[in-house]
Structure formats: C-alpha cells, structure tokens
Amino acid sequence: MPTVKQAFLYGLFFSSITVLFWGMLPIALKLSGDFSDPITLTWLRFSVAAILLGLWQWQRGKLSEFTSLSKKDWLRLFAAGTFLIINYTSFAWSLNFLLPGSAQLSFQVAPLFLALGGLFFLKESINWQQWLCFVGIGLGMQVFFHPIFAQGSQGSIWIGFAIIQLSAAAWSMYALLQKSLFKRLAPTNILLAIYVYALVVMLPFSSPSELLEMSPNEIWIAAFCCLNTVVAYGAFAQAMRYWQTVQVSASIALTPVMAFILTELCVAFGWWANSISSSHADILSLFGMLIVVASAINVQLISARVQRKAALLANPQP
C-alpha cells in the first residue's frame, strides 16, 4: 500500500498525463481532418484500442465476465457503445468549425447534461449551488467567445458549438449507461465491449482504404490519435485508483486550459500553420475561460459534498 504522500503524487502524475493527452487530442484530430474523415479515424481509434485492450484482458483472464451478462445488459452495452461512437465522431467533426481549445471548453457543458440525465433517469436531485455553477459555465462560454461573435463569423462557430453539444449529450448518455453496468462488468471490459462493437458497426461507413494513402507524417498523427485513446483512459483509470473521484474530475476540468496553451504553443513555433491558428483571445476571453473552469471544478466539489451528506443521512453514526 502506498503512503498518503505517494498516493497523492501518483494521482497527480496520472491526472496530469490525462489532462496533457486530452489537451493534445483536439490538435491531433484537427490535423487528421486533412487526410481522413471523422468516421474513418474514429473507427481506426476504436479498432486499435480494441486489439490492445482485448489482448490485455485476455492475458489477465478477465474475459469470463461477459458470460454472466443478460440480454438486457447486452442491450445497455450496445446502447452505450452507440452513444460513445456519436461522441467521438461528432467531437472530431466539430473541429472543422472550432479551434482545439474552444472545442474542449465548449465540451464543459457535459456535467450539465450528466446532471440532467441523473435528474430524469436516476431521480437524482440538483441543488441551487449546482444550478449556479451551470449558469456560470454558460456565461463563461459567452464571455470566452465574445471576440469571435464580434467578427461577424458566427455561422460556422454556432455550427461547431451545436455539434459539441451533441457530442457532450452523447457522452453523458454513455456515462449513465456505463454506470448502470458497473455491477456486472469492470470498467475495462465495458470499454473493450464498446470498442469491439464500434469496430464492427462503423466498418461499413468508414473508408479504411484512404488510410493506406497516408504520408509518413500523417501516419504519425493517426498513430498518436489511436494511442491517445489507450494512454489517456489508462492514466485516467490509474488516477481514479489513487485519488478520489472528485479530485480527478476537478483536475480533468483543466483540460480546456491545456488545449488552449498547447494550441498557442503550436502557433508560436509555427507548427502546422496551415491547420492550427491562434484564437486571439483577449483578457476578457481568458476571464471567461477561468469562469468555465472554476464552475466545472465547483460542480464536482459540490456534488461530492452532497453525496457525503446523503451517505451520512442514510447511515448515521451511533
């Protein structure tokens, strides 16, 4: 067992890896738009993840869990896979209209959709403090995007923002369905089943032949997108092992900041100048980003406090 200090350092390391790789992913996805469509690239990412994760689970002898699933469990699993496919594909598609940092920031509405899903489907409650944080996320986004709205190019921005809302809503539905399967399957096996399902379902709609025409640089970009799926989710799982859920969730809320910083670094060094451009964010925009990130973190902290109070009421100390 690691000491408290070691657990904190391990959690910090793995959370940082997760934020770094999720911050880099939108940049890589935007670059991939020059040589692959979102469906084909998503199919490739799921296929590689399915192979690697399948071998890992097979070596550990963990595949026997699937034999105990009922028909209802399989239907939930396939539904979760469908929503995750929509999430991955639509996020990549949104980058045709949004910069990487803007896309990640817009995705911070996901906690709102997740909370609404819990409200309607799981009969959970949302208190006024959580609602206030959700309002803060919305206002912060308006402040962040104000320079773009002022330029008169709102059309493409709104399209990208609408696609991100679809991606966030799909991810929330996936998360709710995944939660309902935790008593039947380990999280790793849930992801494995979804990856295999996506590999089969998406194949008729993808164009694997276009991947054979990639240049060496494009191969590296595609390979990074594939490995990012495995590394980021692996680091996320390890972070959850050493830190409480609320700590990990709060750190993950910093992903838009990482994406913004990495995008500006690419612009400063002149990397991929034809595809990556600066957001030209001013002080007010950065303040809007701060509001969104702070609100997203507070949602997690408030939710954890509410859960602790509910647990104490359900099991009062003698």
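This chain uses plain numbering: 1 for the first residue, then up along the sequence.
Rounded to the nearest 0.5 angstrom, F260 CZ and L265 CG are separated by 10.0 Å. Atom CD of residue Q165 and atom OG of residue S94 lie 10.0 Å apart, to the nearest 0.5 angstrom. I219 contributes atom CD1, which lies 9.0 Å from atom CZ of F35 (distance to the nearest 0.5 angstrom).
Counting Ile, Leu, Val, Met, Phe, Trp and Tyr side chains that sit under 4.5 Å apart, directly or through other members, I51 shares a hydrophobic cluster with L55.
Side-chain polar atoms of Q178 and Y174 form a donor-acceptor pair below 3.5 angstrom.
Partners of I291 by side-chain contact (heavy atoms from CB on, under 4.5 Å), not counting sequence neighbours, listed by chain and number: F287, S295.
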Could you give the side-chain donor-acceptor pairs of residues 222-232 under 3.5 Å, partners two or more places apart or in another chain?
unit_1	atom_1	unit_2	atom_2	d
N228	ND2	F21	O	2.7
T229	OG1	R45	NE	3.1
T229	OG1	R45	NH2	3.1
T229	OG1	C225	O	3.3

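The environment of W58 atom CH2 is sparse: at most 12 non-hydrogen atoms of other residues, nucleotides or ligands sit within 6.0 angstrom. The 12-atom threshold is exceeded at CH2 of W22, counting heavy atoms of other residues, nucleotides or ligands nearer than 6.0 Å.
Shown here for I17 and A235, the closest heavy-atom pair between the two residues is CG2-CB, 3.7 Å.
Using cut-offs of 30° and 60° on the angle between ring planes, the pair W74 and F66 is parallel. Using the six-membered ring where Trp is involved, Y197 and F78 have ring planes that are parallel, under 30° apart on the 30 and 60° scheme.
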